[in-house]
> 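Okay, here's the structure, questions in a sec.
Order of the sequence lines fixes the chain letters, A, B, ..., with proteins taken first and strands second; residue numbering starts at 1 for each chain.
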Amino acid sequence: MPRVRFAPSPTGYLHIGSARTFIFNWLYVRKEGGTMVLRIDDTDVERNTEASMQSIFDGLNWLGLEWDEQYAQSERIALHQQMAWKIFDKGLAYRDFTPLQATEAERDPASGPWLGDPAMRALSQEDSQRRADAGEPFVLRYRVPRDENRWVTFKDLVYRKQSKNADDIEDFALLRSNGLPTYHMASCADDLDLRISHIIRGQDHLSNTFKHVLIFEALSDTMPEFAHLPLLIAPDGAKLSKRKHGPVVSVTTYRDAGFVPQAYVNFLCMLGWNPKNNQEFMTVEEIKEKFSFEGINRSNATVNFSEADPIDPKASWLNAQHLRTMPVSVLAPMVREALESAGVPVPADDAQFEQTVDIIRSRYAVLGDFPEKGRAYFCDHFTTTPEAEEKLNVPGARIALRELGETLATSEDFSETHIEEQLRAVAEKHGLKAGVLINGSRAVLTGQTVGPSAFAVFTAVGRERAIARLLAL
RNA sequence: GGCGCUAUCGUCUAAGGGUUAGGACGGAGCCCUCUCAAGGCUCAAAUACGGGUUCGAAUCCCGUUAGCGCUACCA
């Protein structure tokens with residue numbers, strides 16, 4: 001049974017790329033029937049914020065994908081330290097007493113890579129211990145094998161065989177001079193302790209993985225599988241950042257723009273992954289069914305947005321597709337919420353409500369369209385556009401429409417066919433083209449010239465309301 | 001600078017030695033039609049560059065270029 005983890009660090013809102021990483025983890029583990037772990041990587045105490053934590057949970061909850069276990073790294077520091085010292089005890093790490101400033105000064109990129117301080121590596125056990133006992137601060141560094149032509153290798157499920165000469169890996173830190181673990185140490189210790197079987201994360205960690213392999217080898221006989229995901233980048237080629245690209249990088253932007261979570265998940269999955277069958281519009285269930293690491297690309301994907309439109313056009317299209325095909329019973333509550341937050345009173349009759357939603361949804365692209373463009377379907381306070389007014393000003397139209405209202409009021413039958421029959425009869429009687437009343441009725445009932453088939457509009461608006469609006473002419 | 005990864009229409013991508021290089025979004029046009037969408041059809045649009053290997057290269061190899069990542073006591 002695979003165990004995977006999503007490990008965000010709470011230093012900002014939930015990023016679109018992080019959301020996708022979460023989704024890929026989720027897809028894999030739900031398909032295989034394993035365990036999804038949410039681990040908050042909050043070891044960088046100074047940069048963590050409560051707001052960020054909230055934003056992560058908000059985003060994840062909105063996506064509607066759940067996890068099974070949850071941990072905070074800050075509560076597991078003792079474990080990380082213990083594992084770091086275990087590496088030290090095996091002789092695979094050493095204390096580096098070089099002060100921070102001195103280290104920085106010593107590192108000149110022009111003179112080649114910094115690999116470590118030979119003097120510190122060479123320090124005897126006794127000297128090292130004595131200086132530590134005397135209270136001299138130090139960082140604990142991994143003792144990367146030198147001059148052995150040693151290659152560190154691992155197999156990535158996406159990027160295939162990876163290898164790097166140990167002479168190109170610097171002596172990275174395990175514990176900081178304040179005793180707290182670094183990201184590499186904490187992450188690997190937790191992955192081991194939580195028995196993570198598959199590490200699925202952004203490609204920005206591909207190079208780091210060589211270090212992680214070294215840590216895993218020092219601590220365990222087992223090695224997790226790795227799968228790195230191509231990055232999401234901005235149209236200018238840079239990586240997505242809030243400072244530079246604004247709110248597009250946050251998942252809340254899409255939520256607030258009226259996306260249904262299913263569509264957003266669908267969109268994110270198509271960035272860097274595909275089912276190899278030309279299908280792009282898929283339910284989460286279908287994606288889960290088709291998901292595999294072979295379908296993941298190796299090149300970065302550009303999120304296509306502009307200053308004028310922060311939403312990727314493909315995402316909009318996908319949202320419209322989901323909006324008109326998902327079960328109405330799933331959509332209706334979302335529409336209800338959209339109406340509520342827009343201050344439009346929500347009809348009490350559930351059956352009528354769902355019917356209305358079902359009729360109008362194929363013309364809408366986002367949830368916000370329901371209270372905006374669809375206002376007249378749900379409440380009596382709506383404005384009539386000048387174009388609609390024109391349709392009603394056609395000579396004879398108002399009188400005929402009022403008569404149609406009277407006629408419809410005499411019958412319980414409110415089916416589309418009945419309405420059509422009555423409308424055509426009234427039109428003929430008044431010597432009007434049916435089109436005049438067809439367009440006219442849409443105009444009275446919705447205040448608009450655009451919308452569903454005129455007869456469907458009657459049923460969408462509902463009998464009482466429709467008749468009242470006709471009679472009020 | 002060093003190391004690693006990547007490179008197909010504007011964007012997301014398919015094709016893993018033989019295709020007129022396919023699909024989708026977006027764009028243009030036509031059809032359908034009670035309006036608007038949707039839907040159907042058509043068009044424009046790509047293998048970064050240079051060398052190899054091969055009867056044959058988008059595909060394999062090498063080089064160049066470009067982008068990205070790592071190179072922190074950030075994650």
> Before accepting this row, confirm whether a basic side-chain N of the pair A/E217/A/R150 lies closer than 4.0 Å to the acidic partner's carboxylate O.
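A salt bridge is present here (some side-chain N lies under 4.0 Å from a carboxylate O).
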> Do A/F172 and A/H212 have ring centres separated by under 6.0 Å?
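Distance test on ring centres: not under 6.0 Å, no.
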> Just the rounded figure in Å: distance from P of B/A15 to CD of A/E294.
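Rounding to the nearest Å, CD of A/E294 and P of B/A15 are 12 Å apart.
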> What interatomic distance, in whole Å, is found between C1' of B/G16 and the corresponding atom of B/U47?
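Those two atoms are separated by 14 Å.
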> Rounded to whole Å, please give me the gap between CZ in A/R298 and P in B/U8.
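So the two atoms are 13 Å apart, to the nearest Å.
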> Any strand counts, and the cut-off is 3.5 Å on both contacts for Watson-Crick or G-U wobble. Which nucleotide pairs with B/U33?
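For B/U33, the partner nucleotide comes out as none, under the 3.5 Å rule.
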> For B/G69, give its Watson-Crick or G-U wobble partner with both distances under 3.5 Å, or none.
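Pairing partner: B/C3.
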> Establish, with yes or no, whether the OP1 or OP2 oxygen of B/G23 is under 4.0 angstrom from a side-chain nitrogen or oxygen of A/N277.
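So the side chain of A/N277 is outside the cut-off, no N or O lying under 4.0 Å from OP1 or OP2 of B/G23.
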> Let me know the distance between NZ of A/K276 and P of B/G22, rounded to the nearest Å.
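Taking atom P of B/G22 as the reference, NZ of A/K276 is at 18 Å.
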> Under 6.0 Å between the ring centres of A/F226 and A/Y159?
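Centroid separation for A/F226 and A/Y159: 6.0 Å or greater.
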> Reckon A/G272 touches a base, only the sugar-phosphate, or nothing at all at heavy-atom distances under 4.0 Å?
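Sugar-phosphate: the residue A/G272, judged by heavy atoms under 4.0 Å, touches backbone atoms but no base.
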> Paired with B/A21: which nucleotide, if any, by Watson-Crick or G-U wobble criteria at under 3.5 Å for both distances?
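The answer is none; no pair meets the criterion.
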> What distance, rounded to whole Å, do you find between the two P atoms, one in B/U65 and one in B/C74?
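Each nucleotide's P atom is 35 Å from the other's.
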> Between A/R143 and A/E148, does at least one N-O distance fall below 4.0 Å, as a salt bridge requires?
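Salt bridge flag = no for A/E148 with A/R143.
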> Taking the P atom in each of B/A66 and B/C60, what is the distance between them to the nearest angstrom?
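Each nucleotide's P atom is 23 Å from the other's.
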> Are OP1 or OP2 of B/A7 and a side-chain N or O of A/N297 less than 4.0 angstrom apart?
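For B/A7, OP1/OP2 do not have a side-chain N/O of A/N297 under 4.0 Å.
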> For atom C1', what is the distance between B/A75 and B/G69, given to the nearest Å?
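It works out to 14 Å between them.
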> I need a per-nucleotide contact map over nucleotides 24-39 of chain B, read 5' to 3'. Cutoff is protein heavy atoms under 4.0 Å; write B for the base, S for backbone only, - otherwise.
BS--------BBBBSS
> Who is the Watson-Crick or G-U wobble partner of B/C43, with both distances under 3.5 Å?
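Pairing partner, where one exists within any strand: B/G27.
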> Return the value, rounded to whole Å, for the distance between atom CG of A/L318 and atom P of B/U13.
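Rounded to whole Å, this separation is 13 Å.
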> For atom P, what is the distance between B/G4 and B/A14, given to the nearest Å?
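Looking at atom P only, B/G4 and B/A14 are 25 Å apart.
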> Count the heavy atoms of every other residue, nucleotide or ligand shown that sit under 6.0 Å from CD of A/Q70, and state whether that count exceeds 12.
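Enclosed: over 12 neighbouring heavy atoms sit under 6.0 Å from CD of A/Q70.
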> Pairing check on B/A38: which nucleotide meets the Watson-Crick or G-U wobble criteria with it, both distances under 3.5 Å?
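Looking at the geometry, B/A38 pairs with no nucleotide.
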> Any base atoms under 4.0 Å from A/Q162, or only sugar-phosphate, or nothing? Heavy atoms, all strands.
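It contacts sugar-phosphate atoms only.
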> With a 3.5 angstrom cut-off on both distances, give the Watson-Crick or G-U wobble partner of B/C9, or none if there isn't one.
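Result: none.
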> My understanding is that a pair needs two contacts under 3.5 Å, Watson-Crick or G-U wobble. By that rule, which nucleotide pairs with B/G16?
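WC or wobble partner does not exist here.
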> Would you mind reading off the distance between A/N266 atom CG and B/C12 atom P, rounded to a whole angstrom?
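It works out to 17 Å between those atoms.
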> With a 3.5 Å limit on both atom pairs, tell me what B/A58 is paired to, counting Watson-Crick and G-U wobble, or say none.
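Base partner found: none.
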> Less than 4.0 angstrom from a charged side-chain N to a carboxylate O is my criterion; do A/R131 and A/D133 meet it?
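No, no charged N to carboxylate O under 4.0 Å.
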> What integer number of Å spans the P atoms of B/C3 and B/U64?
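Those two atoms are separated by 12 Å.
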> List the protein contact pattern of nucleotides 63-75 of chain B with one symbol per nucleotide (5' to 3'): B for base contact, S for sugar-phosphate-only contact, - for none; contact means a heavy-atom distance under 4.0 Å.
-----SBSSSBBB
> Which residue is it: A/L318, A/V248, A/N304? I am looking for the one with a side-chain contact (heavy atoms from CB on, under 4.5 Å) to A/D312.
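Among the candidates, only A/N304 passes.
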> Among all residues two or more places apart in sequence or in another chain, which pass the ring pair (Phe, Tyr, Trp, His ring centres under 6.0 Å) test with A/H80?
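A/H80: no ring pair (Phe, Tyr, Trp, His ring centres under 6.0 Å) contacts found.
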> Between the side chains of A/D190 and A/R5, is the shortest nitrogen-to-carboxylate-oxygen separation below 4.0 Å, so that they form an ion pair?
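Between A/D190 and A/R5 there is no salt bridge, as every charged N stays at least 4.0 Å from the carboxylate O atoms.
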> May I ask you to check whether A/Y94 and A/Y142 place their ring centers less than 6.0 Å from one another?
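No, the ring centres sit 6.0 Å or more apart.
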> In whole angstrom, give the distance that lies between atom CG of A/L232 and atom C1' of B/U6.
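In whole Å, B/U6 C1' and A/L232 CG are 15 Å from each other.
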> When you compare B/A46 with B/C9, how far apart are their C1' atoms, in angstrom units rounded to a whole number?
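Straight-line distance between the two C1' atoms is 4 Å.
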> Between B/A38 and B/C12, how far is it from one C1' atom to the other, in whole Å?
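Per the computed distance, 22 Å lies between those C1' atoms.
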> Do the numbers put A/R76 on top of the ring of A/Y71, so that NZ or CZ is under 6.0 Å from the six-membered ring centre and no more than 45° off the axis?
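That pair qualifies as a cation-pi contact.
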